[in-house]
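A quick write-up on the structure given underneath.
When a residue number appears, it is its place in the shown sequence, counting from 1. Only heavy atoms go into these numbers, but all of them, side chains included; no hydrogens, no water, no symmetry mates. Computed from a predicted structure; not experimentally measured.
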Amino acid sequence: MYGDTRNEALRQLDGLAADVFRWLRAVHAATWVGGAAAGIPPLSVPAALEHWCEAAGSETEVAARRAAVAELRRRTRTLQALAADLLDYGGAPPPGAYDRLLAETGALAAAVRRLDAALRQEAAETDPLTGIHNRQGMLRDLTREWTRAARTNSPCAVAVLDLDHFKRINDTYGHVAGDKVLCAAAHFLRRRLRPYDLLYRFGGEEFLLCLPNADSAQARHVLERIRRLMARLPVRVDHTRALAMTCSIGIALMRRDESPAETVARADWAMYAAKAGGRNQVRIDPADAGAAAALGPPSADATLLRRPG
């Protein structure tokens with residue numbers, strides 16, 4: 001699971017930080033007090049970090065992970081090359097050479113701290129059950145998408161997707177079965193969305209989707225296809241039973257006269273209209289049913305969303 005990959009990456013990153021200081025002591029001993037160069041341990045990027053780079057995430061997230069791990073690789077190689085140069089002197093090296101080693105060691109330690117912070121933030125913003133984003137950074141991300149859409153004068157759709165009759169699944173088959181359904185839905189949505197679309201676990205059985213560069217007609221086309229495919233996806237809850245899974249979806253477009261939180265609230269209302277209309281359908285907020293709304297600065301209101309009623 002993604003959480004296991006991330007946790008192992010954190011554990012091995014802590015080990016790398018300790019390895020750097022052991023390595024520096026060994027280099028110091030070999031350089032200044034005649035220690036054996038053969039005793040200097042090698043430095044390398046932990047395998048778990050390489051695996052974390054390719055774990056589930058958006059195109060932007062994966063690119064940022066790869067860049068951070070590439071910096072670690074580059075700095076560990078540079079450190080080992082500087083150490084080899086120091087040992088080639090065969091005695092006390094020039095002060096400048098040792099200063100460069102210390103400076104690069106500090107730069108590597110800073111890179112490790114930045115990566116550690118990124119991993120911990122990712123953990124805080126990830127739903128532990130499904131492995132997708134939770135609501136913690138949602139409004140921040142939606143505001144960023146509004147900024148991008150406004151800069152490029154392009155539409156951006158927000159959708160709330162609710163699994164139909166989910167309480168009945170929990171009551172009939174138990175919460176373990178319900179968890180399997182949630183994980184299957186998250187995995188399905190992640191595979192069906194574009195690399196730059198955003199996906200969040202919005203509530204118990206609800207997901208929020210952000211579709212940049214999609215107007216109301218395009219968003220409806222994409223989400224109708226997702227709805228139809230999801231209805232054909234059986235979720236196996238044990239060796240003998242598989243459950244059908246349908247969903248109701250509401251769509252709203254980001255607008256100039258409202259905050260991202262208000263856009264999400266309109267999508268939530270549209271999802272409730274889909275529920276009231278019989279479930280297993282897609283509804284667009286009436287204000288956005290004709291054409292894409294023009295984007296502009298969102299209002300300052302970013303209060304936590306509350307369901308109507």
Side-chain angles (χ1 to χ4, degrees), residues 1-7 55-58 123 125-136 138 157-195 197-211 214 219-252 264-265 267-285 305-309:
M1 293 178 64
Y2 168 68
D4 296 335
T5 301
R6 184 191 57 242
N7 292 339
S58 71
E125 296 183 0
T126 300
D127 175 50
L129 175 65
T130 61
I132 64 175
H133 291 299
N134 58 29
R135 289 175 57 164
Q136 181 158 318
M138 186 180 76
V158 173
V160 174
L161 181 153
D162 184 273
L163 300 181
D164 294 329
H165 302 297
F166 185 75
K167 184 177 185 300
R168 184 186 301 170
I169 293 173
N170 275 337
D171 291 345
T172 304
Y173 301 100
H175 289 279
V176 172
D179 287 350
K180 288 182 178 180
V181 169
L182 287 170
C183 290
H187 181 68
F188 168 81
L189 291 170
R190 183 187 283 140
R191 287 189 297 112
R192 294 295 173 181
L193 293 173
R194 300 169 298 181
D197 291 333
L198 302 178
L199 174 65
Y200 303 86
R201 187 175 178 193
F202 184 49
E205 68 272 22
E206 293 179 341
F207 300 88
L208 184 134
L209 302 81
C210 178
L211 281 64
R220 180 160 201 156
H221 175 76
V222 168
L223 293 167
E224 279 284 7
R225 183 169 181 271
I226 282 175
R227 181 194 63 78
R228 290 194 303 270
L229 290 172
M230 183 175 283
R232 301 175 196 163
L233 178 70
V235 180
R236 185 161 296 282
V237 295
D238 58 29
H239 294 301
T240 60
R241 292 174 296 183
L243 305 179
M245 181 169 56
T246 66
C247 63
S248 301
I249 305 173
I251 303 171
V264 174
D268 205 30
W269 275 105
M271 181 274 291
Y272 269 92
K275 290 281 191 188
R279 295 184 170 85
N280 192 23
Q281 58 185 270
V282 177
R283 290 286 182 94
I284 302 175
D285 182 78
L305 300 173
R306 295 186 181 275
R307 177 153 291 110

Exercise. Just wondering, do M230 and L163 contact through their side chains at under 4.5 Å, heavy atoms?
Worked result: yes
For this session: State which residues pass side-chain contact (heavy atoms from CB on, under 4.5 Å) with Q281; sequence neighbours excluded, sorted by chain then number.
Result: A274, R283
For this session: Under the ring-ring contact (aromatic ring centres under 6.0 Å, His included) rule, collect the residues that match up with F207, sequence neighbours excluded.
Result: none
Problem set entry | Value rounded to 0.5 Å, distance of CD in E125 from CG in N134 | 7.0 Å
Exercise. Going through the distances and angles, do T126 and Q136 end up as a side chain to side chain contact (heavy atoms under 4.5 Å, CB included)?
Worked result: CA-CA 8 Å; T126 300; Q136 181 158 318; over 6 Å; no
For this session: State whether a side-chain donor-acceptor pair under 3.5 Å links H187 with R191.
Result: yes
Problem set entry | Check: N280 and R227 side chains under 4.5 Å, non-hydrogen atoms | yes
Problem set entry | R228: salt bridge (charged side-chain N to carboxylate O under 4.0 Å, His left out) partners, not counting sequence neighbours | none
For this session: Please report the closest heavy-atom contact between L193 and L198, naming both atoms and the distance.
Result: CD1-O, 4.4 Å
Tabulate below the donor-acceptor pairs under 3.5 Å that side-chain atoms of residues 169-185 make, not counting sequence neighbours, or state none.
from : atom 1 : to   : atom 2 : distance (Å)
D171 : OD2    : K167 : NZ     : 2.7
T172 : OG1    : R168 : O      : 2.8
K180 : NZ     : V237 : O      : 2.9

For this session: First locate atom NE2 of H221, then atom CG of L211, and finally report the distance between them rounded to the nearest 0.5 Å.
Result: 11.5 Å
Exercise. CG of L243 to CZ of R241: how many Å apart, nearest 0.5 Å?
Worked result: 7.5 Å
Exercise. Quick one: side-chain hydrogen bond (donor to acceptor under 3.5 Å, both in side chains) partners of D127, sequence neighbours excluded?
Worked result: T130, R201
Exercise. How far apart are the closest heavy atoms of A270 and I284, and which atoms are they?
Worked result: CB-C, 4.2 Å
Exercise. Is any side-chain heavy atom of L161 closer than 4.5 Å to a side-chain heavy atom of M271?
Worked result: no
Exercise. Once you round to the nearest 0.5 Å, how far does CG of L189 lie from CG of L199?
Worked result: 5.5 Å
Seminar exercise, completed: Distance col, row H165:NE2 vs S248:OG, nearest 0.5 angstrom, shows 8.0 Å
Exercise. Does the side chain of R279 reach to within under 4.5 Å of the side chain of D162, using non-hydrogen atoms?
Worked result: no
For this session: Could I get the full list of salt bridge (charged side-chain N to carboxylate O under 4.0 Å, His left out) partners for R194, not counting sequence neighbours?
Result: D197
Problem set entry | Heavy-atom closest pair, residues Y200 and M138 | CE2-CA, 3.8 Å
Exercise. Is there side-chain contact between I132 and R190, with heavy atoms separated by less than 4.5 Å?
Worked result: yes
